Amino acid sequence: GDGEASVRIEYRDRLCISDGSVELSPARINHLTGTVQLSGPQFQGFTIPVRWAILSHEICHRTRDTRDATRADLCGLS
């Protein structure tokens, strides 16, 4: 419906950065596509509320067009 948005989530064994090293973060979002990438092994260790907070944080990076982690945290908690 109107105002609804979909989010694509990629579940991966690990997140790697461009030089091939492993990303320490359990999740990240592609600012161009809006795709959230999750590190499965890291994500599995979290409770459902923590998983929700992480996903909300990542989505807020895109919806609020910010790379600032604190702003994304506050948005995700609201």
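Everything numeric in this text was worked out from a predicted model, so none of it was measured.
- For the pair Arg51 (side chain) and Gln44 (backbone), a donor-acceptor distance under 3.5 Å is present.
- Here the CZ atom belonging to Arg71 is positioned 10.5 Å from the NE2 atom belonging to His61, to the nearest 0.5 angstrom.
- Under a hydrophobic-cluster definition in which Ile, Leu, Val, Met, Phe, Trp and Tyr are linked whenever side-chain heavy atoms come within less than 4.5 Å, directly or via other members, Ile54 and Leu15 are assigned to different clusters.
- Shown here are the salt bridge (Lys or Arg N to Asp or Glu O under 4.0 Å) partners of Glu23, two or more places apart in sequence or in another chain: Arg28.
- Of all heavy-atom pairs between Ala72 and Cys60, the closest is O-CB, 3.8 Å.
- Between Glu10 atom CD and Leu38 atom CG the span is 9.0 Å, to the nearest 0.5 Å.
- Taking each heavy atom of Ser25 and Ser39 in turn, the nearest pair found is O-CB, 4.5 Å.
- With sequence neighbours excluded, no residue forms a salt bridge (Lys or Arg N to Asp or Glu O under 4.0 Å) with Arg62.
- When only modelled atom types and interatomic distance are considered, Thr66 and Asp68 share no side-chain donor-acceptor pair under 3.5 Å.
- Between Pro26 and Phe43 the shortest heavy-atom distance is O-CD1, 4.5 Å.
- Side-chain contact between Ile9 and Leu55: present, with at least one pair of heavy atoms (C-beta onward) separated by less than 4.5 Å.
- Tracing side-chain contacts under 4.5 Å through hydrophobic residues (I, L, V, M, F, W, Y), one never reaches Ile29 starting from Val22; they form parts of separate clusters.
- To the nearest 0.5 angstrom, Ser78 atom OG is 5.5 Å from Arg64 atom CZ.
- Taken together through direct or relayed side-chain contacts under 4.5 Å among Ile, Leu, Val, Met, Phe, Trp and Tyr, Ile59 and Val50 form part of one hydrophobic cluster.
- The structure places CG of Asp13 at 12.0 Å from CD of Gln42, a figure rounded to the nearest 0.5 Å.
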